[in-house]
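Computation of the quantities below employed the complete heavy-atom set of this structure, encompassing side-chain atoms and omitting hydrogens, waters and symmetry-equivalent molecules. In the text below, chain A, chain B and the rest are named by the order of the sequence lines, each starting its count at 1.
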Number of protein chains: 2
Amino acid sequence: MRGRVKITDIATELGVSPSTVSRALSNGGRISQQTRQAVLDLAEKWGYKPNPFAVNLLKKQSRNIGLILPEFTHHYFSKVLDGVNRVVNEHGYHLFINTHEGDYHKEVKAVNMLNNMRVDGIIASYARGTSDFNHFLDAIEDNVPVVFVDRMCEDLDTSYVVTDDFPGSVESVRHLVNTGCQKIVHIAGPENLSTSFNRLTGYKEGLKQEGVLVQDKYILKSEDPNWKESLEFLIAENDVDAITCFTDYLAFEAVEILKRYGKSVPNDVSVVGFADEPVATYMTPALTTVVQPAEAMGRRAAELLLWHIENPDSPEVHSECLPTAMIERGSTLQTRPQRSFDELISVLKSAS
Amino acid sequence: MRGRVKITDIATELGVSPSTVSRALSNGGRISQQTRQAVLDLAEKWGYKPNPFAVNLLKKQSRNIGLILPEFTHHYFSKVLDGVNRVVNEHGYHLFINTHEGDYHKEVKAVNMLNNMRVDGIIASYARGTSDFNHFLDAIEDNVPVVFVDRMCEDLDTSYVVTDDFPGSVESVRHLVNTGCQKIVHIAGPENLSTSFNRLTGYKEGLKQEGVLVQDKYILKSEDPNWKESLEFLIAENDVDAITCFTDYLAFEAVEILKRYGKSVPNDVSVVGFADEPVATYMTPALTTVVQPAEAMGRRAAELLLWHIENPDSPEVHSECLPTAMIERGSTLQTRPQRSFDELISVLKSAS
DNA sequence: AATAGGTGGGCAAAATTTTGCGCAACTTTC
DNA sequence: GAAAGTTGCGCAAAATTTTGCCCACCTATT
């Protein structure tokens with residue numbers, strides 16, 4: 001059989017009506033065992049596959065879902081994508097993707113495109129600057145559920161999955177104190193980001209829990225063009241035991257500076273990053289960091305979305321904060337047996 | 001207007017037939033200026049968007065294309081994805097994605113899925129172990145063009161985009177010789193991979209061009225479980241000036257071994273990687289490596305696929321080899337002014 | 001006045017699949 | 001032997017859009 005075989009091809013070959021073929025294939029209504037078998041055999045032999053456009057048109061759903069991320073090349077987002085892709089596949093859905101690259105207008109276009117494509121649902125990590133969410137609202141009003149990942153929107157009553165950066169941040173600071181560090185610097189991120197705020201708050205809380213005074217001179221801001229000079233000053237004064245950073249990249253820069261000043265990591269100064277980018281594994285020494293369960297976030301977001309798709313009338317929304325956890329590597333001193341990678345995974349899994 | 005507005009809604013509101021509305025919208029047949037304007041205005045006001053399933057069913061094409069990659073979390077592939085996504089978007093197509101994770105059966109499932117979804121074309125980087133290409137052949141016979149990226153298939157007469165690893169490999173070896181290295185080791189990849197073969201051949205050619213003897217003892221195979229011992233032996237014997245590697249990760253491992261043996265990189269031994277993974281930037285010293293234009297490959301593959309989609313009857317196939325180029329960093333000695341990043345980009349761009 | 005030509009718009013088929021309803025044939029029940 | 005129930009299958013509508021063909025009307029030509 002050349003070309004795509006359709007239901008009517010099978011019907012005419014077998015001398016039955018298309019409806020009979022359809023019923024035989026879909027295990028539906030009343031049909032004799034022989035007819036069904038004959039249809040099944042021929043469909044198998046000819047490799048019949050239903051035309052999704054016809055089915056979608058009729059059923060008013062596509063089993064397609066759309067994912068919008070800032071970009072793909074950032075390792076973190078590629079892992080989110082991976083998680084989403086896995087779950088979506090496991091459930092027989094298909095994945096449309098798009099990026100907005102931090103551009104609000106591209107984001108609007110992407111959301112509208114997916115909505116016009118009649119996807120069954122959308123997972124999105126919106127652009128930092130987005131404050132007008134009407135494009136998402138349009139989709140929701142067209143009964144296309146939206147789940148946010150990594151970034152949430154207070155104004156919209158949708159499900160979302162974010163990370164709780166707080167516990168990992170607390171854990172890392174406590175670990176530093178427990179390995180004998182007292183003069184602990186934090187290099188903070190942009191002020192308006194909630195993640196940045198949470199990591200800073202976790203740093204303060206960790207110190208408090210260990211009874212160490214929080215001091216302003218130890219809190220550097222990566223947005224401040226002079227943060228490196230401030231750090232160098234502290235290093236020169238020997239006024240630093242450890243550095244915790246908003247990202248692994250900042251940690252990388254801190255390590256470079258420490259090396260320039262002849263400091264050994266971790267013997268003179270411990271360093272902790274945040275995010276578990278590949279850079280963390282491959283710098284020397286390997287970086288102790290706080291891992292965000294990126295893939296689990298993608299998975300959870302997809303699971304939540306599928307739940308919404310299958311329960312279209314439920315007004316419930318589910319919000320999840322997946323916890324972060326410290327992973328110990330060579331850039332900090334060691335006190336206790338290291339948590340194995342498998343243990344870590346199981347911690348993150350049980351959390352999700 | 002609540003819910004999705006369709007052509008008939010506009011037709012009844014305006015007291016015309018659906019065909020008139022369709023014609024007004026599609027700038028098609030004969031229609032009076034006033035009627036067209038009235039339709040256009042109402043369509044705009046009500047936010048009419050054609051139902052893609054109905055259109056696809058009728059037109060027998062979807063403006064969807066499918067992309068299959070080994071995985072997303074590898075930086076190289078995420079850049080390929082990025083390139084494909086950009087071109088596809090620019091041309092008003094939409095992108096379905098899938099991974100096979102090196103598993104032949106997943107690959108078959110992914111290809112069949114995309115074919116059954118009636119995508120207009122498929123871009124694929126198949127699994128290493130794949131030797132039976134019938135699933136791709138099925139798609140092609142169903143008039144779904146296939147373009148391979150990063151890996152090509154000799155048996156199938158399709159367009160493909162690969163990198164020509166040869167010139168970059170030659171260039172890197174010549175650079176090593178020019179900076180005074182003579183005892184140059186190559187750590188090769190899997191034998192059955194053409195990329196591995198080309199990098200090895202480039203290594204040999206580079207030596208030949210510089211009049212250095214190719215010696216078997218300097219050619220290590222990463223598949224050989226003892227390659228590290230062999231390398232350590234050479235190091236212990238002081239029988240190595242430089243190491244070129246099949247991947248950046250192997251280079252990373254080589255640097256670790258050199259450090260263990262108290263060798264300085266690049267003063268004692270130079271190291272060159274391949275691929276320009278992020279690891280190359282963040283290891284210490286930063287790794288001299290050979291960059292593959294991953295995003296350009298994705299772009300080209302998408303452009304070729306779109307060409308095939310728009311010229312369905314042309315039997316022509318286009319095969320492209322994008323050249324690789326060395327990028328000099330700290331892990332090799334320096335002889336000449338470094339090529340700036342911008343220059344490098346322009347070299348790669350003009351090549352694509 | 002009859003014919004030709006042009007314009008505007010409607011009818012219906014087509015793309016493919018699913019499904020409610022109906023009909024014929026057969027079996028069971030009293 | 002008639003009524004009732006069951007089984008197997010076909011008809012036609014439905015989902016939405018596009019498009020070839022046709023008709024009605026108007027103007028211009030002989």
J.: What I want to find out is whether B/Glu90 reaches B/Arg86 closely enough, with some N-O distance under 4.0 Å, to be called a salt bridge.
T.: no

J.: Check the distance between D/dT17's P and B/Gln61's CD and give it to me in whole angstrom.
T.: 17 Å

J.: Verify the distance criterion only: is there a donor paired with an acceptor across the side chains of A/Thr20 and A/Ser17 at less than 3.5 Å?
T.: yes

J.: Among D/dG8, C/dT18, C/dG9, which nucleotide sits nearest the side chain of A/Ile7?
T.: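 It is C/dT18.
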
J.: Report the distance from atom CG of B/Asn51 to atom P of D/dT18, rounded to the nearest whole Å.
T.: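 Result: 10 Å.
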
J.: Please state whether the phosphate of D/dT17, meaning OP1 or OP2, lies under 4.0 angstrom from any side-chain nitrogen or oxygen of B/Tyr48.
T.: yes

J.: Can you measure B/Arg118 atom CZ to C/dA15 atom C1' for me and round it to whole angstrom units?
T.: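 Atom CZ in B/Arg118 sits about 12 Å away from atom C1' in C/dA15.
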
J.: What is the distance from CG of A/Leu14 to C1' of D/dG10, rounded to the nearest Å?
T.: 15 Å

J.: Figure out the CZ/C1' separation between B/Arg30 and D/dC26, and round it to whole Å.
T.: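 Interatomic distance, CZ of B/Arg30 to C1' of D/dC26: 13 Å.
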
J.: Between B/Glu71 and B/Thr73, does any side-chain donor sit less than 3.5 Å from a side-chain acceptor?
T.: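 Side chains of B/Glu71 and B/Thr73: pair found under 3.5 Å.
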
J.: Using whole Å, what does the distance between atom P of nucleotide C/dG10 and atom CD1 of B/Ile31 come to?
T.: 9 Å

J.: Could you state the atom-to-atom distance from CZ of B/Phe53 to C1' of D/dA14 in whole Å?
T.: 16 Å

J.: Counting side-chain heavy atoms from CB outward, which of C/dT7, D/dT16, C/dG10 is closest to B/Val16?
T.: C/dG10

J.: Kindly say if B/Ser17 contacts the phosphate of C/dG9, meaning a side-chain N or O under 4.0 Å from OP1 or OP2.
T.: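 No, no such contact exists.
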
J.: With a 4.0 Å cut-off on heavy atoms, is B/Leu58 in touch with a base, just the backbone sugar-phosphate, or nothing at all?
T.: base

J.: Could you label the plane-to-plane angle of the B/Phe133 and B/His135 rings as parallel, tilted or perpendicular, counting under 30° as parallel and over 60° as perpendicular?
T.: parallel

J.: Identify, between B/Thr20 and A/Lys59, the residue whose nearest nucleotide on DNA chain C lies closer to the 5' end.
T.: B/Thr20

J.: OP1 or OP2 of D/dT16 versus the side-chain N and O atoms of A/Lys60: is any pair under 4.0 Å?
T.: yes

J.: Checking all strands, does A/Ser19 fall into the base, sugar-phosphate, or nothing category for heavy-atom contacts under 4.0 angstrom?
T.: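 Base, at least one base heavy atom under 4.0 Å.
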
J.: Closest approach to the side chain of A/Arg23, judged atom by atom: which nucleotide of C/dT19, C/dT17, D/dT16 is it?
T.: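 Ranking C/dT19, C/dT17, D/dT16 by closest atom to the A/Arg23 side chain puts C/dT19 first.
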
J.: Please check this pair: side chain of B/Tyr126 against backbone of B/Leu69, looking for a donor-acceptor N/O pair closer than 3.5 Å.
T.: no

J.: DNA chain C: B/Thr35 or B/Leu57, which has the more 5' nearest nucleotide?
T.: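 Going by which nucleotide is closer to the 5' end, it is B/Thr35.
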
J.: Taking atom P of C/dG9 as reference, at what distance in whole Å does atom CD of B/Gln33 sit?
T.: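 My rounded result for the distance is 11 Å.
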
